[in-house]
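See below for the structure under consideration.
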Amino acid sequence: MTPPVKIARTDAALHPLLAERWSPRALDPGHELSTEQLTCLLEAARWAPSASNTQPWRFAVTLRGTAEHAAVLDALAPGNQVWAHAASALVVAAAETVAPDGAPRPWALYDTGQAVAHLSVQAEHEGLAVHQMGGFDRDRVRSVLAAPDSVEPLVVLAVGRRGDLSALPEPLAGRETEPRTRLPLDELLVGVDARAAEAA
Ligand SMILES: Cc1cc2nc3c(=O)[nH]c(=O)nc-3n(C[C@H](O)[C@H](O)[C@H](O)COP(=O)(O)O)c2cc1C
């Protein structure tokens, strides 16, 4: 079965890279990421904006078939291991929350999320998919990375090519074809809505 296309139902026309991005669990277990693709994704993250250009994001890239990929997979929540084993790469995204001189970096988590967003959109452009996971054992991932205390693992990214959803167990297979949903725009606006003033 070919991977489903899940286009967001938007109130305004979005760029296809945004409207068509979604987080699949069915990934192609035979797909391998090229060095060029990996570099391209990391480069997209590198050029994200950050507070005072501190660039606090850090990444650990593990490729399927390596001991490191197996170790990161093993640190995922069981519900994520069920499907993420097929990821071409498991990428730990972490934030350096304290600068080398000891100064705290209050925007480090925000900045790192933004870098991951850039990476995800670039992946879509490359015909790849990214599924972020917060469900993992932080201490175990930290020991796999041998990361200092100043570097905080935030998410593990399953990166790969969309695959055959019939390889997934239920209920995960069924979820792959469910429409993407979001809160209505009105619920995201607090206080002033300039659009309402314009309409009056
Ligand atoms: C910080 C974060 C943590 C997430 N953790 C998980 C996770 O542990 N397991 C999972 O299957 N999906 C996880 N997701 C994926 C979200 O469930 C998904 O992005 C959301 O449902 C919206 O779906 P879409 O990305 O397809 O639009 C996570 C996403 C983010 C941003």
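Whatever order the structure lists ligands and atoms in, that order sets their numbers, starting from 1. Nothing here was measured: the structure is a model prediction, and the numbers come from that model.
Counting side-chain heavy-atom gaps under 4.5 Å among Ile, Leu, Val, Met, Phe, Trp and Tyr, the cluster of L188 also holds L183, L185. Applying the 4.5 Å side-chain rule to ILVMFWY residues, one finds L27, V72, L73, L76, V82, W83, L90, V92, F136, V141, V144, L145, V156, L168, L172 in the same cluster as M133.
In this structure, R180 and A8 approach most closely via the heavy-atom pair NH1-CB, 3.6 Å.
Put simply, the side chain of E20 does not reach to within 4.5 Å of the side chain of K6, judged on heavy atoms.
Dense packing is recorded around CH2 of W22, with more than 12 heavy atoms of other residues, nucleotides or ligands lying under 6.0 Å away.
Each of R21, W22, S23, R25, N80, W83, H131, Q132, M133, G134, G135, V155, R180, R182 has a non-hydrogen atom positioned under 4.0 Å from some atom of ligand 1.
Under the rule for a side-chain hydrogen bond (donor to acceptor under 3.5 Å, both in side chains), D137 has no partner lying at least two apart in sequence or in another chain.
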